[in-house]
Amino acid sequence: MNLSYNWLKELVDLDLKPQELADKLTHAGCAIEEIVQVGDDWQLVAEVTTNRPDWLCHWGAAHEIAAILGKKTNLPEIKINETGPDVNSLAKVTNTAKDCCPRYTARVIKGVTIKESPEWLKKKLTAIGLRPINNVVDVTNYVLMEMNQPLHSFDYDLLEGSQINVRMANNGEVMEALDGTECKLNEKMLVIADGKKPVAIAGVMGGSSSEVTEKTKNILLESAYFEQKQVRRTSRALKLASDSSYRYERGIDPGNLERASARACQLILEVAGGELATGVIDDNPELGTPWDVTMRYCRCEKILGVRVEKDEIEKIFLGLGLQILNKTDDEITVKVPSFRQDLTREIDLIEEVIRVAGYDRVPETITMRVGMSHKTKAESAKDIVREVLAGLGYFECVTDTFVPEKWLEAFGCVGTPVRVLNPVNAKRPMLRTSMVPSLLEVARINREEEDVRLFEIARTYTGGGSNSETMQLAILDSRGLPFVRGALEEVVKNLRAEVELGYTEPENPPVMQDGSALLISFNKDTVGCMGVVKDEQAKMHDLRLSPAVCQVDFGKLAELPRLTKVYKPLPRFPAIGRDIALVVPEEVKWSRIEEIVRKDSENMESVIFQSVYRGKGIDAGKKSVAFGMTFRMADRSMTDDEGNKLRDDVVCRLTAAISQAALR
Amino acid sequence: MSLLVEIEKLLEEGKGAIKNAASAETLENVRVAYLGRSGKIKEMMGRIREVANEEKKAFGQGMNDLKKSLEKLFDEQKNILGSSKAKSGPQPDPTLPGQSQPRGSRHPLTQVTEHVVKVFERLGFTIADGPEMEDEFHNFVALNIPDEHPAREDQDTFGLDNGTILRSQTSTVQIRTMEKIQPPVRVIAPGRVYRPDAVDATHFYSFGQIEGLAVDTDITFADLKSVLGMFAREMFGSDTKTRFRPSFFPFTEPSAEVDVTCIFCHGKGCRVCKQQGWIEILGCGMVDPNVFKSVGYDPEAWTGFAFGMGVERVAMLTLGVDDIRRFTENDLRFLRQF
Ligand SMILES: [Zn+2]
């Protein structure tokens with residue numbers, strides 16, 4: 001909404017500069033976003049919140065300014081000269097859609113001269129960014145900006161049967177709007193029709209068939225109240241909007257129709273001449289009756305935390321145009337005029353008190369009760385996971401929830417995926433079902449980097465009735481699978497999770513390279529997977545090398561029971577270490593070797609994998625696996641011989657269990 | 001075989017000579033005699049031609065071991081005697097650059113979120129959460145935004161084919177929380193929200209929001225101002241001032257937008273704050289009685305306040321990021337800066 005500074009000055013006795021006025025309005029909640037100089041005037045660009053449609057006009061803004069400054073408004077006097085015949089003898093209004101149009105008024109002016117508007121009127125309109133058209137149309141636009149009442153002028157002689165029928169459109173009816181749009185109407189749309197056809201889409205736009213042109217001699221002026229939802233739906237359905245529909249959607253003052261109509265007639269007679277018919281057609285003069293609201297002083301103080309004295313409250317209400325009906329020691333009852341549709345409850349009045357008194361009046365004193373906050377397991381786990389992974393050199397990512405459809409196909413999807421009905425980016429219409437492609441996309445963005453380590457904690461989504469969101473932890477590492485696995489294990493360790501962390505090799509992993517995939521389980525419950533992504537999927541993301549990835553159900557990770565920290569005495573006797581390099585056939589996996597080594601091993605403290613060697617000195621089809629073992633006894637030191645014996649036992653077990661296994 | 005025996009002999013001989021060297025000079029002479037350019041080891045190496053082919057490997061290995069053993073003994077003896085001359089051989093270089101062992105980082109949006117959340121945690125607020133796939137009731141109706149309310153105009157949502165919508169505000173968590181627990185309530189709810197906005201440097205169709213809610217018997221607008229004032233000073237610096245301007249949100253009344261003094265010019269006026277000296281940082285207000293009614297709280301018995309802020313907005317301001325898309329791009333060169 002654009003407000004003209006000069007116009008407001010005519011309505012309130014102002015001694016503020018444009019910027020000062022803007023500040024005052026902004027502090028009352030009518031945010032002035034910008035001030036633009038237009039000739040000798042200033043345009044104040046206001047962002048009007050949806051609860052205050054009364055600010056969408058100059059009289060409304062003037063009212064507010066007067067209330068804030070404690071001044072009176074000087075609104076122009078509305079005076080009309082009804083010298084023509086009875087309006088009822090000239091036109092007939094039938095309203096068969098009272099639900100959508102609770103009140104319709106019409107006046108008729110005969111013998112107008114359509115021409116350019118006088119300078120003062122054109123200047124007023126251009127100052128707020130409107131283009132002058134002709135004197136009659138300009139007056140209706142002017143009154144709209146003055147009093148927030150949408151008006152429509154029809155060429156009276158082009159109305160078939162001199163009739164106005166307010167009715168729902170018939171399915172398939174067609175009307176050309178003023179802007180040339182061909183509108184296909186249906187029974188859910190409210191129209192203004194003459195004896196034969198629709199001549200306006202109620203509250204949205206007039207039709208070109210009865211448009212006011214230079215040839216127009218007689219006009220019928222509509223001032224009506226159309227229901228908010230009705231106008232919004234129609235405007236949406238037809239993709240047609242106007243200054244009128246904007247205001248009807250937000251709600252206009254139903255008690256203002258007759259006054260605005262008279263004001264427009266006064267101005268039309270002044271700028272276009274003619275003779276005003278006597279009387280007004282009005283099918284519901286009662287609409288817009290003021291209502292009562294009561295406010296308790298104690299409630300006001302309880303909400304605001306500051307006392308505003310009764311006298312001051314009274315003054316504020318009067319300034320806003322509320323009429324005081326009753327006062328007691330405890331409460332005050334006011335009559336609310338129909339232009340303040342937002343004031344219906346006690347809390348609405350409390351807001352008015354502090355809005356006008358100023359939010360600065362509320363002190364910064366805290367009286368609310370306090371209490372300890374507590375962290376859920378999931379929240380504390382997030383903190384630990386982020387700390388550990390960042391410490392290990394991983395960068396946290398925040399990626400897009402929306403993904404391309406082909407990502408779902410390529411990466412497999414458990415459950416029904418969810419589709420966005422109105423995506424902003426048409427290439428990404430789905431909610432993600434896996435975090436892996438999201439991190440691969442980040443890897444692509446960073447493909448010039450040698451070492452890419454990423455993680456993200458975010459949700460995946462499934463639909464199909466069992467709509468669910470699962471928080472996931474995903475890790476990506478360009479250095480390979482052992483790093484991803486090590487990172488995950490470090491996370492579990494730092495969570496002090498009491499868990500049996502298991503890995504199994506799946507039959508046909510859809511995402512990972514054959515032989516690289518592992519399903520991850522907590523206490524035998526599968527919670528995720530890891531592996532090296534398939535080459536074709538890496539290629540889909542323009543990656544030369546396939547990184548290793550891991551995805552784990554974060555909720556399950558976070559909810560694992562946590563071990564408390566309890567001191568364990570340090571061992572008193574030294575450990576003894578023995579290394580083994582074992583040559584085995586390629587297909588023998590480390591997990592098999594480790595299982596054999598650990599089985600029935602007395603005094604074994606740890607088994608640590610060291611390296612795999614292939615090449616010189618090792619036959620093709622074989623590999624040398626080196627690992628270290630630590631042995632320790634609780635009650636005494638171990639001798640070298642005992643260590644050797646234990647190592648030899650391990651070697652015996654290995655060579656017995658694995659065919660073709662031999663020491664290197 | 002005789003040469004291998006000779007290697008053994010040479011080793012014993014050398015060991016003796018090194019052990020017996022009583023001064024650095026003597027030791028150096030021994031080194032030259034055994035390990036020098038024309039020393040005994042070099043001489044022995046020259047005799048490889050006498051070795052049968054199949055034994056060449058063993059000879060080489062033996063010589064290698066011999067050389068290593070003597071070098072080691074020599075170094076040990078030298079340490080015992082103390083070096084009398086200028087150092088020779090490898091020397092430490094403390095001016096070498098440090099070995100890079102880079103840490104990763106939390107995402108800048110996480111860092112800002114955690115910063116905000118921690119301030120409220122210290123004030124006794126507990127973290128709460130809710131689903132992103134929401135229904136109209138929690139996203140709108142319960143928040144006093146009935147069907148076709150003009151406020152919905154400003155806030156379109158993403159519809160989903162499973163009959164839900166993506167939440168357009170974390171205010172949904174207010175409802176989810178109050179449905180679950182009875183007052184007193186003090187929660188802080190960070191989360192992602194979605195709005196079908198066209199993407200540009202300051203708009204993205206999903207972003208982080210942080211919502212706060214407090215409900216108790218005697219919470220007032222003064223409490224709201226205090227809590228947010230403390231937050232602003234903790235977040236943006238102890239000299240930060242706040243300004244509350246009337247505004248409108250369907251789920252609070254009275255409602256306010258909160259400005260803080262510009263963190264760059266401290267209120268003097270600069271490019272960032274468009275010469276205003278103030279920067280809008282959050283929206284807030286007293287919980288509307290209709291919201292209490294929708295969750296079955298008695299509006300006469302309870303009062304409360306709620307507030308909400310955009311994470312990206314705060315992050316862009318405090319970190320000086322000029323394009324919102326940087327956050328979801330995750331370029332490591334960007335992430336490493338935080
Ligand atoms: Zn500034």
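Small disclaimer: the values here were computed from a predicted structure and weren't measured.
- Salt bridge annotation for B/D129-A/R459: present, with a cationic side-chain nitrogen under 4.0 angstrom from a carboxylate oxygen.
- Looking at B/K274 and A/E34, no side-chain N of the basic residue comes within less than 4.0 Å of a carboxylate O on the acidic one, giving no salt bridge.
- Between B/E253 and A/R355 no salt bridge is recorded (no basic side-chain N to carboxylate O distance below 4.0 Å).
- In this structure, A/R296 pairs ionically with B/E300, as a charged nitrogen and a carboxylate oxygen lie closer than 4.0 Å.
- The residues A/K382 and B/E114 are annotated as not salt-bridged, no charged nitrogen and carboxylate oxygen being separated by less than 4.0 angstrom.
- Taking a 6.0 Å sphere around NZ of A/K24, one finds it holds 12 or fewer heavy atoms contributed by other residues, nucleotides or ligands.
- B/R106 has a carboxylate O that lies under 4.0 Å from a charged side-chain N of A/D383, or vice versa, which qualifies the two as a salt bridge.
- Salt-bridge check for A/D23 with B/R245: failed, with every basic side-chain N at 4.0 Å or more from each acidic carboxylate O.
- The CD1 atom of B/I165 lies 11.0 Å from the CG atom of A/L421; values are rounded to the nearest 0.5 Å.
- Remark: the backbone N or O of A/G464 is not paired with any side-chain donor or acceptor of B/D161 at under 3.5 angstrom.
- B/T110 and A/E396 share a donor-acceptor pair across their side chains, judged by distance under 3.5 Å alone.
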Review point. How far apart are the C-alpha atoms of B/L160 and A/V420, what are their side-chain angles, what is the distance that settles it, and do they pass the side-chain contact (heavy atoms from CB on, under 4.5 Å) test?
Key: CA-CA 5 Å; B/L160 303 175; A/V420 181; 3.9 Å; yes
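- Between B/E121 and A/K375, at least one side-chain N (NZ, or NE/NH1/NH2) sits under 4.0 Å from a carboxylate O, which counts as a salt bridge.
- Between B/V227 and A/I366, the closest heavy-atom pair is CG2-CD1, 3.7 Å.
- The aromatic rings of B/Y205 and A/F402 lie tilted to each other, with the angle between the two planes from 30° to 60°.
- A/Q228 touches chain B through its side chain: at least one heavy atom from C-beta onward sits under 4.5 Å away, while N, CA, C and O do not.
- The closest side-chain heavy-atom distance from A/S373 to B/F125 is not below 4.5 Å.
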